[in-house]
Every structure is written in structure tokens, then in C-alpha cells.
Asks: 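Can you read through this structure? Questions will come right after.
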Amino acid sequence: MKFDEQRPPSVLMVCLGNICRSPLAEAALRLAAEREGVDIIVDSAGTGNWHIDHPPDPRAQAVALTFGGLDIGNLRARQVNVQDFDRFDHIVALDASNLRDLRVMQPAGSKAKLSLLLDHLPPFEGQSVADPYYGDEAGFEVCWRQVSAAAQSLLRVL
Ligand code: 4NP
């Protein structure tokens with residue numbers, strides 16, 4: 001964190017539905033920050049609107065609890081909006097399609113830095129976190145491991 005800034009760094013994690021990958025990424029970053037004693041603001045949103053106000057997918061809730069000891073059942077999906085580009089320092093997309101959508105939405109003059117989550121986890125720069133929604137539980141476990149590793153790595157550069 002930069003010491004000359006008043007506000008803690010803020011990060012918005014963005015996927016498609018905001019019920020699988022981005023809530024897990026949000027939870028993983030919050031956990032990493034707590035463990036390191038780092039003050040940050042973290043939230044998540046989806047580019048799509050199908051799941052607004054829905055809690056995370058039960059399989060996402062299960063991996064957060066099993067592997068992170070975290071109850072994420074209180075999170076509710078929301079859709080990313082133009083104000084987010086002023087409110088957050090970093091908007092971090094879970095996959096390349098989300099990143100393209102965000103670049104289209106970003107208002108001129110917005111200072112939010114857009115990136116892919118795995119850009120922060122060498123050597124996986126440029127890669128997407130696969131969408132586990134249509135798969136089985138194993139995909140959620142892979143997702144949790146990826147977002148956890150990337151969140152720890154991202155924390156070091158905020
Ligand atoms: P997420 O997964 O983007 O990781 O939250 C998805 C959840 C729901 C849908 C697609 C992806 N859906 O099409 O409903």
C-alpha cells in the first residue's frame with residue numbers, strides 16, 4: 001500500500017454471474033488481507049444481470065467454507081455499473097470476456113486500472129479463470145485454489 005494515500009486501496013472482482021468466481025475471489029482477497037494485516041476495500045460484481053440479489057452458488061459457498069473457513073452465504077450478486085469505475089482503484093476481471101466487456105463500459109477519464117486476475121500470478125498472465133458453473137464440484141476447488149493464489153500475489157502489488 002502507498003503510505004501517502006488516505007484511502008485503502010480498493011479492488012472490485014468481476015465475473016459473469018457474480019455467483020461463482022468473483023465472490024470466491026472477493027473472499028480470497030479479503031482473507032489474504034486479513035492474514036497479512038493489510039487494510040483494503042474489496043467487493044465483487046457480475047457483467048450479467050441474471051443473478052442479481054442471489055447468494056453465491058452453493059458449491060462456491062462450500063469451497064469457501066472447506067478451504068478458506070469462510071462463510072460467504074451473506075454475499076449477494078450485483079451487476080457492475082459505471083460508478084464502479086470511479087469507486088474502485090482496481091477492477092479485476094476473472095476472464096478475458098469479462099475484461100473486454102469492462103473495457104467497453106469504462107468511461108473516458110476513469111482512473112480505475114483494469115486487469116485479469118491471473119495477470120497478477122506469474123506465469124499465468126493473460127489466462128482466464130475457467131467458469132465452473134456448468135461443471136462439477138472439482139471445478140470449484142480448482143477455482144478456489146487459483147483465486148487464492150492470485151489474491152495473495154495481487155495483495156503484494158496494491
Ligand atoms: P460466474 O459463473 O460468472 O463465475 O458467477 C456463472 C454463473 C452463472 C452463469 C454463468 C456463469 N449463468 O449463465 O447463469
Side-chain angles (χ1 to χ4, degrees), residues 9-34 40-85 87-107 110 112-155 157-158:
S10 54
V11 179
L12 181 68
M13 300 290 190
V14 177
C15 64
L16 179 59
N18 194 210
I19 57 166
C20 300
R21 292 165 293 173
S22 62
L24 287 177
E26 173 188 349
L29 183 58
R30 192 170 286 124
L31 181 65
E34 275 168 22
I40 59 162
I41 294 164
V42 57
D43 193 9
S44 66
T47 55
N49 63 2
W50 310 281
H51 296 285
I52 290 173
D53 288 334
H54 292 186
D57 185 286
R59 298 164 295 176
Q61 294 191 44
V63 291
L65 198 56
T66 303
F67 299 106
L70 298 170
D71 181 354
I72 62 166
N74 61 325
L75 299 181
R76 292 294 176 267
R78 73 173 181 88
Q79 192 171 24
V80 67
N81 59 59
V82 285
Q83 288 81 25
D84 287 322
F85 291 86
R87 290 176 50 217
F88 290 91
D89 303 317
H90 300 269
I91 301 184
V92 180
L94 274 285
D95 73 31
S97 162
N98 310 144
L99 183 59
R100 276 194 298 275
D101 290 343
L102 289 166
R103 289 206 192 288
V104 170
M105 276 185 84
Q106 184 165 30
S110 144
K113 289 189 186 124
L114 270 52
S115 60
L116 275 176
L117 180 61
L118 294 184
D119 284 347
H120 305 284
L121 185 64
F124 302 106
E125 297 97 330
Q127 294 190 28
S128 296
V129 174
D131 187 349
Y133 184 64
Y134 295 104
D136 59 15
E137 273 82 1
F140 281 80
E141 203 176 313
V142 170
C143 179
W144 172 260
R145 284 210 219 90
Q146 288 181 334
V147 301
S148 294
Q152 286 167 48
S153 190
L154 170 62
L155 192 62
V157 298
L158 289 178

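Excluded from the calculations below are hydrogen atoms, water molecules and symmetry mates; all remaining heavy atoms, backbone and side chain alike, are included. All residue numbers refer to positions in the sequence shown, counting from 1. Whatever order the structure lists them in is the order used to number ligands and atoms, beginning at 1.
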Asks: Suppose we measure from atom 14 (O) of ligand 1 to each protein heavy atom; which comes out shortest, and what is that distance?
Replies: H51 NE2, 2.8 Å
Asks: Please report the interatomic distance CD1(I41) to CG(L158), rounded to the nearest 0.5 Å.
Replies: 11.5 Å
Asks: Going by the order shown, which atoms of ligand 1 are within less than 4.0 Å of some heavy atom of L16?
Replies: 3 (O), 10 (C), 11 (C)
Asks: Go through ligand 1 atom by atom and flag the ones less than 4.0 Å from a non-hydrogen atom of G17.
Replies: 1 (P), 3 (O), 5 (O)
Asks: So is there a nitrogen or oxygen of C20 less than 3.5 Å from a nitrogen or oxygen in ligand 1?
Replies: yes
Asks: Out of W50, Y133, F140, whose heavy atom is nearest to atom 9 (C) of ligand 1?
Replies: Y133
Asks: First locate atom CD1 of I40, then atom CG of L29, and finally report the distance between them rounded to the nearest 0.5 Å.
Replies: 3.5 Å
Asks: Counting heavy atoms only, which part of N18 comes closer than 4.0 Å to ligand 1: side chain, backbone, both or neither?
Replies: backbone
Asks: Any idea which protein heavy atom is nearest atom 1 (P) of ligand 1, and the distance to it?
Replies: C15 SG, 3.5 Å
Asks: What protein heavy atom is closest to atom 4 (O) of ligand 1, reported as residue, atom name and distance in Å?
Replies: R21 NE, 2.7 Å
Asks: Closest heavy-atom contact between P23 and P56?
Replies: CB-CG, 4.1 Å
Asks: Using a strict 4.0 Å cut-off to heavy atoms of Y134, name the atoms of ligand 1 that fall inside it.
Replies: 12 (N), 13 (O)
Asks: Any salt bridge linking E34 with R30? Criterion: basic side-chain nitrogen under 4.0 Å from a carboxylate oxygen.
Replies: no
Asks: Between the side chains of N98 and D101, is a donor N or O closer than 3.5 angstrom to an acceptor N or O?
Replies: no
Asks: Does the side chain of S115 pick up a donor-acceptor pair with the side chain of H120 at under 3.5 Å?
Replies: yes
Asks: With salt bridge (Lys or Arg N to Asp or Glu O under 4.0 Å) as the criterion, how do E141 and R145 come out once you've worked through the C-alpha distance, each side chain's angles and the decisive distance to 0.1 Å?
Replies: CA-CA 6 Å; E141 203 176 313; R145 284 210 219 90; 2.9 Å; yes
Asks: Output the list of atoms in ligand 1 that are nearer than 4.0 Å to some heavy atom of D131, sorted by atom number.
Replies: 2 (O), 4 (O), 6 (C), 10 (C), 11 (C)
